[in-house]
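A short write-up of the structure that comes next.
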Number of protein chains: 2
Amino acid sequence: MITLTERQSLILKAIVRDYTEGGNPVGSKSLVQELPTKVSSATIRNEMARLEDLGLIVKTHLSSGRMPSIKGYRYYVDHILKPEKVDNKDLKVIQHSLGGEFHKIDEIVAQSADILSQLTSYTTFTLRPELKDSRLSGFRLVPLGNHQVMAILVTNNGDVENQTFTIPNDITGDELEPVVRFIDDQLVGLPLQDVFRQLNQEIPLKLAKYLRDPDGFVDIFGRVLSKAASERFYVGGKLNLFNYTDQQSPKELQSLYSLLDQTDSLASVIGSPGQHIQVRIGNEITNDLLKNYSLITATYDVDQHGQGVIALLGPTAMPYSRMIGLMGAFQRELAGKLLDYYRYFDE
Amino acid sequence: MITLTERQSLILKAIVRDYTEGGNPVGSKSLVQELPTKVSSATIRNEMARLEDLGLIVKTHLSSGRMPSIKGYRYYVDHILKPEKVDNKDLKVIQHSLGGEFHKIDEIVAQSADILSQLTSYTTFTLRPELKDSRLSGFRLVPLGNHQVMAILVTNNGDVENQTFTIPNDITGDELEPVVRFIDDQLVGLPLQDVFRQLNQEIPLKLAKYLRDPDGFVDIFGRVLSKAASERFYVGGKLNLFNYTDQQSPKELQSLYSLLDQTDSLASVIGSPGQHIQVRIGNEITNDLLKNYSLITATYDVDQHGQGVIALLGPTAMPYSRMIGLMGAFQRELAGKLLDYYRYFDE
DNA sequence: TTTAGCACTCTTTATCTACGAGTGCTAATA
DNA sequence: TATTAGCACTCGTAGATAAAGAGTGCTAAA
């Protein structure tokens, strides 16, 4: 356990701030003016040597200024930083952007990623509240003519998914009636997980009574069901990558870009944050591509509807204090908006 | 009108080829070995001086090798190049990728952009056949419970669009019945353009009989209609930008990236190609961002269903011969696939 | 414990040099 | 007249050298 003196702490804080703002290693002389008590640059050098011994700051070469190490950022985030109160203008932006009419949870969540990336100039990820409490609340088959039928699935959260499929012969609504009724009787009201299970077991057999081709139907139904049950991160501010990545290595930029398109990799990188707001810095992130970046993740609670996730990817040298404040505010606003949404459907 | 001697033409061709393959300006000595008839480097230098006078090739500095100018590429494409017969393996890839089952035209067209970008390592755009002959062939309103209704619109081409919306009070299918019937009577069978027109004129008045809030309905209907009638380019191989853009200017790369996300800008850049396969090089493209790139555009005919567009963006130094061959093959395959698709719904 | 002073390190930038690839021109050749 | 050999000249690249500047660590004095 590292304990710093008051002055060491102030110096570390100043180094973090200066390096974050200027991007250049920070020298002892420039720090003289930034400490509340007047000390000479030599004193600061001595303190810096100690901070370096502790592994909190590093030099790029023998006679360069210092910059924070991963460990240094860690200490700063854990012990020094105070979350900045969110800027009033930023709060207005959030509230205004979330204020509109949305038809789907996913729209709200996707929009959130965009707002947050706009406010931060970084890249953001949002995940809707988990679906473990989602239940099937309705199923429709709508014949569209021209060999086409649309399957529509509704959950108790108001989520709607649909999938059009093509069938060999035209069919009327009447012929589909018994199938829909069967689904209504057997499956409506069940959690999606249970529907999945039954779909692979008893359903195909039972359906054989009504349909010549139950397998085809089961396939379609499974597809819509997967859509409704799939958890998928929305990504905002992809283009912001250009603002904070190392401009010298386009290869890396390209890899990052393609990482952002892989939902499953994203999920494993972001994980499900245990704490309320978690900061992972550099190699603390379980993905080598991101070892020079920082990831702030946060959950948001929507009461009995479960938790969602918001996340922020930026450079290790980011203004943590402002970002954490912002994440906190966003957490609250988004949770509030979703609660309103759910409440509307629970009436 | 420029006319080149046989030998000049061969030299220009060799310069284009070498520069495209190697990326470096081409000198007279290296060309000696590439011409069918043995001539000295001095002769080639003389010829090159003439080609330069004509503006077909340029030097980067006084004593550098030569590279083709825009005008040089233009001449090469117009008079020298012979489209390469498409590679058999590539053809297999195309046919296989388009061979599967698709539920929507847009899926086929979107998939096409991906295949083409994969085959070329460049960036591609595809546009579905124009919709001017599209007619409204069906409209449904499906109450989903929980204040939600889904509007579904079907066209005679088998295109299906839908939009879920929220209404103040729950409603049953019966109440919506007259509205749907009214739409069926008045609008089904009309070209989408006409539907649009009527929607803004007589429809709101007539609907007032059946609905308290015709404006709200008209809004929803308009939204689904726009979705069905909107022409939108699919983009493939965005990440390939990294392979062929100037690695030195991330700013430019960023601008290009955001250009690819702007459907309307894309449309104006690509336009609607008059010829079957059109090559635009460098500043011939009406967008300054693309002045160092080449754009190959092509239409594909789907008989009475209109024309679509495929396009390819790459460096000015691209293997035109192979690319044009590829575009030709793709044109045919895609048109064929879509014809099959339409035929299925026309039965 | 703090500080002034100083030698030392390392990066950055500019200047110079040598090298090589390629050109244009001239004069000789077929 | 068209082609070619020869040569001086240009320009970009890479490496070497030097000077400036920022910053450090250490020593010795306050």
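Throughout, protein chains are lettered first and strands after them, A, B, ... in sequence-line order, and every chain is numbered starting at 1.
- With sequence neighbours left out, the salt bridge (charged side-chain N to carboxylate O under 4.0 Å, His left out) criterion links B/D90 to B/R322.
- Nucleotides of DNA chain D with any atom under 4.0 Å from a heavy atom of chain A span, from 5' to 3', D/dA22 to D/dG25.
- Between A/K92 and A/D87 there is no salt bridge, since no side-chain N of the basic residue sits under 4.0 Å from a carboxylate O of the acidic one.
- Looking only at atom types and distance, the side chain of B/S40 has a donor-acceptor partner in the side chain of B/T43 under 3.5 Å away.
- A distance-only check finds no donor-acceptor pair linking the side chain of B/S321 to the backbone of B/L81 [under 3.5 Å].
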If you restrict it to nitrogen or oxygen atoms, what contacts under 3.5 Å exist between nucleotides 27-30 of chain C and the protein, and what is each distance?
none

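- Side-chain atoms of A/S255 come within 3.5 Å of backbone atoms of A/K251 as a donor-acceptor pair (strictly under, hydrogens ignored).
- Looking at residues 12-49 of chain A, you'll see A/V39, A/S40, A/A42, A/T43, A/R45, A/N46 sit with a heavy atom under 4.0 Å from some atom of DNA chain C.
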Could you go through A/Y320 and A/I281, starting from their C-alpha distance and side-chain angles, then the distance that decides it, and tell me whether this counts as side chain to side chain contact (heavy atoms under 4.5 Å, CB included)?
CA-CA 11 Å; A/Y320 290 99; A/I281 302 156; 3.9 Å; yes
A/Y19/A/N24 under side chain to side chain contact (heavy atoms under 4.5 Å, CB included): CA gap, chis, key distance, verdict
CA-CA 6 Å; A/Y19 183 69; A/N24 296 315; 5.6 Å; no
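- The shortest side-chain heavy-atom distance between B/V26 and B/M67 does not fall under the 4.5 Å cut-off.
- For the contact set between residues 57-65 of chain A and DNA chain C, defined by any heavy atom under 4.0 Å, the members are A/H61, A/L62, A/S63.
- With B/Q278 contributing its side chain and B/A298 its backbone, the two residues share no donor-acceptor pair below 3.5 Å.
- Side chains of B/I277 and B/Q331 form a contact here, defined as non-hydrogen atoms less than 4.5 Å apart.
- By the side chain to side chain contact (heavy atoms under 4.5 Å, CB included) test, A/R45 pairs with A/S28, A/S41, A/A42, sequence neighbours left out.
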Go through the steps for B/F125 and B/Y234 under the test ring pair (Phe, Tyr, Trp, His ring centres under 6.0 Å), then give the verdict.
CA-CA 5 Å; B/F125 312 93; B/Y234 292 97; over 10 Å; no
